[in-house]
Amino acid sequence: MARILITSALPYINGVKHLGNLVGSQLPADLCARYMRARGHEVMFVCATDEHGTPAELAAAGAGKPVAEYCDEMHEVQAGLARGFCLSFDHFGRSSSPENHALTQHLAVKLWENGLIEIRTERQMYSQADGRFLPDRYVEGICPECGYERARGDQCENCTRQLEPTELIAPRSAISGATDLELRETKHLYLLQSKLRERLRAWIDSKTDWPVLTTSIARKWLDDGEGLQDRGITRDLSWGIPAQFPGAPWEGMEGKVFYVWFDAPIEYIAATAEWAHAGGHGDESWRRWWRTDEGAQDVRYIQFMGKDNVPFHTLSFPATLMGSGEPWKLVDYIKSFNYLNYDGGQFSTSQGRGVFMDQALSILPADYWRWWLLSHVPETSDSEFTWENFQASVNKDLADVLGNFVSRVTKFCRARFGEAVPGGGEWGATEEALFQELSCRLASYEGHMDAMEIRKAAQELRALWAAGNEYLQSAAPWAAYKEDPARAAAIIRLALNLIPFYAVLSAPFIPNAAEALQEAMKAEGTPWPEDLRTALSALPPDHEFSVPGVLFAKISDESREEWQQAFAGRR
RNA sequence: GGGCCCGUAGCUCAAUUGGUCAGAGCAGAGCGCUCAUAACGCUUUGGUUGGGGGUUCGAGUCCCUCCGGGCCUACCA
């Protein structure tokens, strides 16, 4: 038994996330957590809402609420959606928690003591009308290069030229449109990542099993131009973790908070502390996951995230932990994902294009989405959601291959033998062939899951389901029943035993359906099949069961077309 | 501008990292079965691997070039 620490990139507090966000971190992380638990490993799976930053403040203002209240509400919304999708977090925390305040300040102080933080003075656009400093991309104006009127302070979308906000002609606030912008001096803490460059490089170089996608992004940042740049880790905002020593002011940092990207990954640790406190456990119970001097030396830590998050997880966050000089657990494996596109384009929050988490659950059960999303997860390149493909996958894989298998077996048994596992008869060569195939495919499934090759695992799982149908076809219990009812009983006994077997194997992908199957077969608590023959004899003769209702209803062409229209986006 | 990734059957994706005839699922065609959600099983059609050039005994895989798509470029998160 191993100890596995799993974190998913934190969903930003600002609004309901779409399916592309879900499949890019939380869902595959949940698959991993469920699988690892099923294999008997001790798992700590944490996630949280990422609540700080300018967009949260603006969204709260837009909703006419204090930002704390807005975050309270949105956290509950996101937590509810996470439950709806059966995301099995041990704890779903908040980056605004007291635990994160304390830990973020603690780490900043350590970095300061180690000479890895310094105060720098810089000049930044300030909008009097908005009463706030504006991040570069919140300043809009005319591009000095091409004359495009809606260029942003970081880059002109039209001619792709990189800009400074001060270069814009007729700059205005993207928030209010105010033009009374002025440059003001402001002081900020900078994390001196450049001093940690060689340590980070050595660490990245040691990760030989990481995908190219991950290491190449990290190396790019390490080596591009003048190498890894120091990074400002504070902002002039009111909502956030105050940039101060624990309980004491930090001279020059009055009224400033830490930058959201400094405190967000620290929340991985803090969320584990939140878990401990919520459960009444002592501090040692979370520290054994995160401190290599307090038990975490044998922990395997896996992070899940979209590719846009890679630089922060390969460089900034490790720099924070390394630079503290304290023995914090660093990530062992990063599983990063590409993007999911929607029907020939991108998901768009602003245009309402694509399916969002709340909408998805309002039209179909979570398992349908989980199966499609996981079996099409953008592992190697961007992938594409189409309604036709979704309908075909759900109908074929879930309804026809798995659902119908359960249906035909249980109904046949009920009609011929009643709702209990029939005894008698012998297993022969046909069953031997099935055992051979199942044991081969099971090993392959486990191999793919261990390596988190999710698409391949899904393919293998489907093949395991299909093997049940193949077996029924070749054993033909309906024919055997006429000549030799005992033989038919033996066949059906094995087929019935396949149902809890499938339930256990499928649970990481489709937990609700798996549970329904276990319940119907009265086989709750079935363990992972360590020995195939034992597992397929688990339901003994006379064990009662009930015929489950339709496990997966098919998606009709009418529904598909209706949804296709409904989610195509405004305009 | 710079960097990275991708392009394989009508569709969604594989191909043990340069090595047998480029494989699966879906869709299409044919046959079989009748227990089942008109479900299942078997067989089968379909590819000059985006175009062109090169290296090699051998290229989907490496190099060059062109075409098409995507991502990153550090103050959105």
Side-chain angles (χ1 to χ4, degrees), chain A residues 9-14 50 52-56 58 122 124-125 133-139 152-155 159-162 164-165 174 188 193 212-213 216-217 219-221 223-225 228-232 235-236 259-261 264 306-312 315-316 338-339 341 346 372 375-376 379-386 388-393 395-416 453 455-456 458-459 462-463 466 468-474 476-481 488 491-492 495 549-554:
Chain A
L10 309 186
Y12 196 66
I13 191 71
N14 183 6
D50 176 15
H52 300 135
T54 308
L58 295 179
E122 56 189 27
Q124 197 175 358
M125 284 292 197
F133 281 94
L134 298 176
D136 288 356
R137 75 164 49 190
Y138 282 94
V139 182
R152 290 186 320 208
D154 55 345
Q155 186 172 41
C159 67
T160 74
R161 161 143 178 221
Q162 285 188 62
E164 291 296 321
H188 283 297
Q193 298 185 130
V212 189
L213 180 68
S216 66
I217 293 173
R219 289 208 172 85
K220 169 73 162 63
W221 282 52
D223 296 325
D224 194 40
L228 188 60
Q229 300 294 298
D230 298 332
R231 180 179 273 273
R235 292 289 182 273
D236 289 291
Y259 174 41
V260 51
W261 259 116
K307 59 186 170 185
D308 51 334
N309 277 343
V310 167
F312 300 98
L315 301 169
S316 308
N338 290 278
Y339 293 136
N341 289 320
Q346 295 183 335
W372 189 89
S375 60
H376 293 79
E379 272 174 316
T380 52
S381 62
D382 291 354
S383 69
E384 173 97 0
F385 176 92
T386 65
E388 288 81 2
N389 192 301
F390 175 66
Q391 178 195 29
S393 276
N395 288 357
K396 208 65 203 171
D397 301 345
L398 296 182
D400 293 346
V401 177
L402 177 61
N404 182 56
F405 172 79
V406 172
S407 185
R408 65 195 296 206
V409 171
T410 51
K411 286 181 178 171
F412 181 86
C413 183
R414 179 172 64 185
R416 300 293 191 278
E453 298 265 11
R455 277 174 183 254
K456 289 178 183 173
Q459 227 173 58
R462 196 199 119 100
N469 284 314
E470 289 162 26
Y471 168 67
L472 283 185
Q473 189 63 31
S474 62
W478 49 88
Y481 185 78
I491 296 166
I492 285 301
V550 171
L551 200 58
F552 298 102
K554 292 199 191 188

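So you know, we letter chains A, B, ... as the sequences are listed, proteins then strands, and number each from 1. All values below come from the heavy atoms of this structure, side chains included, with hydrogens, waters and symmetry mates left out.
At a threshold of 4.0 angstrom between heavy atoms, the contacts of A:G232 with the nucleic acid are absent. Looking at heavy-atom distances under 4.0 Å, A:F552 makes contact with a base. Among the protein residues, A:V260 comes within range of the sugar-phosphate backbone only, with heavy atoms under 4.0 Å from sugar or phosphate atoms but none that close to a base.
Straight-line distance between the P atoms of B:A24 and B:U44: roughly 10 Å, to the nearest whole Å. Using atom C1' as the reference point in both B:G54 and B:A9, the two lie 28 Å apart (nearest Å). Going from the C1' atom of B:G50 to that of B:C67 covers 7 Å, rounded to whole Å. Across B:U43 and B:A36, the matching C1' atoms stand 23 Å from one another, rounded to whole Å. B:G46 and B:G23 are spaced 13 Å apart, taking the C1' atom of each and rounding to whole Å. Taking atom C1' in both B:A27 and B:U12, the straight-line distance is 11 Å, to the nearest Å. Look at the P atom in both B:G28 and B:G70: the space between them is 31 Å, to the nearest Å. Atom name P, nucleotides B:A74 and B:C13: the rounded distance is 30 Å, in whole Å.
Each of B:C40, B:A77, B:C26 was ranked by its minimum atom distance to the side chain of A:D50; first place goes to B:A77. Residue A:N389 has its side chain nearest to B:C11 when only B:C72, B:C11, B:C33 are considered. Among the nucleotides B:U37, B:C71, B:C33, the one closest to the side chain of A:Y339 is B:C71. Across B:A14, B:A77, B:C76, the shortest atom-to-atom separation from the side chain of A:P135 is found for B:C76. When each of B:C40, B:A74, B:A77 is scored by its nearest atom to the side-chain atoms of A:L228, the top-ranked nucleotide is B:A74. Of the candidates B:C42, B:A74, B:C40, the closest approach to any side-chain atom of A:E470 belongs to B:C42. With distances taken from any side-chain atom of A:D400 to the nucleotides B:C26, B:A77, B:U37, the minimum falls on B:U37. Of all nucleotides listed (B:C75, B:A77, B:G70), B:G70 comes nearest to the side chain of A:D382.
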Dot-bracket notation for RNA chain B, counting Watson-Crick and G-U pairs under 3.5 Å, with | for partners on another strand: (((((((..((((.....[...)))).(((((.......))))).....(((((..]....))))))))))))....
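Residue ring and base: A:W478 counts as stacked with B:C35 (centre distance below 5.5 Å, interplanar angle below 30°).
Under 3.5 Å, the side chains of A:W372 and A:D397 contain no donor-acceptor pair of N or O atoms.
If you take CG of A:N469 and P of B:A39, they are 13 Å apart, rounded to a whole angstrom.
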